[in-house]
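Below is one structure, written out as structure tokens; the observations come after it.
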Amino acid sequence: MKKTISILLALALCLSLCACGKKKETIEITTENWDEYFTVEQVETWTKNAFDEYDTLKVDLVFSLKSEYTERFVEEQDGKIIVDFSCDGAVKGANIDYQTQTFVIVEDRKIEPYNEIITIATKDFISPHLMTNCELAPASNGDIQYIMVFENPVINRIEGTLTLYEAEPEAES
């Protein structure tokens with residue numbers, strides 16, 4: 001009898017703890033709602049060489065989960081989002097000053113639009129996902145350097161799901 005009561009109490013305790021867990025919501029990501037949860041932005045990164053001198057500029061197009069959702073994000077091992085995107089391509093000539101990490105565009109030539117389909121595993125949503133990248137190799141200050149960049153990204157199609165913990169209700173004042 002004591003054993004049965006102990007098992008029933010342990011079961012009741014387990015069920016009550018399960019009820020306290022955070023609830024999850026799964027959102028179907030579409031072309032109509034993707035920008036509510038994600039951003040696509042161009043990011044410039046200056047890197048240093050072994051002598052601790054800036055000598056490289058990278059210009060990347062990245063796809064990221066918006067910061068307001070990172071705390072609520074639920075990592076799924078087999079989840080993914082497929083993104084079909086296009087953007088305008090351009091070759092830019094720039095005078096780059098690596099010491100001040102500044103550059104001035106002196107030439108801008110449009111090239112063929114760029115199109116790609118990428119798959120992003122949901123476990124990678126917390127860190128920005130590289131969509132495209134271009135790198136300016138080291139050169140002397142003042143020399144014109146050319147780089148291909150991708151601008152005006154457009155999401156043509158997107159599919160997949162995003163799972164978030166439900167938002168905590170706001171405390172009343």
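Given the structure is predicted, the values throughout are model-derived calculations rather than measurements.
Connection of I118 to V154 is not established within any shared hydrophobic cluster, with ILVMFWY side chains joined at heavy-atom distances below 4.5 Å, either directly or through further cluster members. Placement of L164 and I81 within a single hydrophobic cluster is found when ILVMFWY residues are connected by side-chain heavy-atom separations under 4.5 Å, directly or transitively. Cluster annotation: F85 is not connected to I82 through the hydrophobic network of ILVMFWY side chains, with a link wherever side-chain heavy atoms come within less than 4.5 Å. In the hydrophobic clustering of this structure, I105 groups with Y98; members are Ile, Leu, Val, Met, Phe, Trp, Tyr whose side-chain heavy atoms approach within less than 4.5 Å, directly or through other members. I111 and Y114 fall within the same hydrophobic cluster, defined by Ile, Leu, Val, Met, Phe, Trp and Tyr side-chain heavy atoms under 4.5 Å apart, directly or through other members.
Among D97, N95, I96, the one residue that satisfies the side chain to side chain contact (heavy atoms under 4.5 Å, CB included) test with F103 is I96.
In terms of heavy atoms, P153 sits closest to C87 at CA-CB, 3.8 Å. Smallest separation of non-hydrogen atoms from G93 and I144: CA-CG2, 4.0 Å. Minimum heavy-atom separation, T31 to R157: CG2-CA, 3.6 Å. Of all heavy-atom pairs between N115 and S86, the closest is OD1-CB, 3.2 Å.
By the 4.0 Å N-to-carboxylate-O rule, E151 lies close enough to K92 to be salt-bridged with it.
Atom OG1 of T161 sits about 9.0 Å away from atom CD1 of I27, to the nearest 0.5 Å. Annotation: the span from T100 atom OG1 to Y54 atom OH amounts to 11.0 Å, rounded to 0.5 Å. Taken to the nearest 0.5 Å, the OG1 atom of T56 stands 12.5 Å off from the NZ atom of K48. To the nearest 0.5 Å, atoms CG (D84) and CD1 (I158) are separated by 10.0 Å. Between I117 atom CD1 and N156 atom CG the span is 9.0 Å, to the nearest 0.5 Å. Distance check, rounded to the nearest 0.5 Å: CG of D88 to NZ of K110 gives 6.0 Å.
The ring pair (Phe, Tyr, Trp, His ring centres under 6.0 Å) check on F73 picks up F125, with sequence neighbours excluded.
Under the 3.5 Å distance criterion, the side-chain polar atoms of N49 are matched with a main-chain donor or acceptor of D52. Under a 3.5 Å cut-off, the side chain of R72 and the backbone N or O of Y165 do form a donor-acceptor pair. Judged purely by atom type and a 3.5 angstrom limit, N33 uses its side chain to pair as donor or acceptor with the backbone of E28.
A 4.5 Å side-chain heavy-atom check between V59 and Q42 finds at least one atom pair inside the cut-off. With a 4.5 Å cut-off on side-chain heavy atoms, T45 and L57 do not count as touching.
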Verdict with reasoning, E41 to V62, per side chain to side chain contact (heavy atoms under 4.5 Å, CB included)
CA-CA 6 Å; E41 58 190 340; V62 295; 3.9 Å; yes
List the steps and the verdict of side chain to side chain contact (heavy atoms under 4.5 Å, CB included) for V83 and I120.
CA-CA 8 Å; V83 183; I120 306 168; 4.2 Å; yes
Derivation and outcome, side chain to side chain contact (heavy atoms under 4.5 Å, CB included), residues I29 and F38:
CA-CA 10 Å; I29 301 300; F38 297 95; 4.0 Å; yes
Side chain to side chain contact (heavy atoms under 4.5 Å, CB included) between E107 and Y146, worked out
CA-CA 9 Å; E107 188 177 334; Y146 293 92; 2.9 Å; yes
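Contacts classified as side-chain hydrogen bond (donor to acceptor under 3.5 Å, both in side chains) and involving residues 61-71 (residues at least two apart or in different chains) are not found.
More than 12 heavy-atom neighbours from other residues, nucleotides or ligands sit within 6.0 angstrom of CD on E25.
Between F63 and W34, the angle of the ring planes stays under 30°, which puts this pair in the parallel group of the 30/60° scheme.
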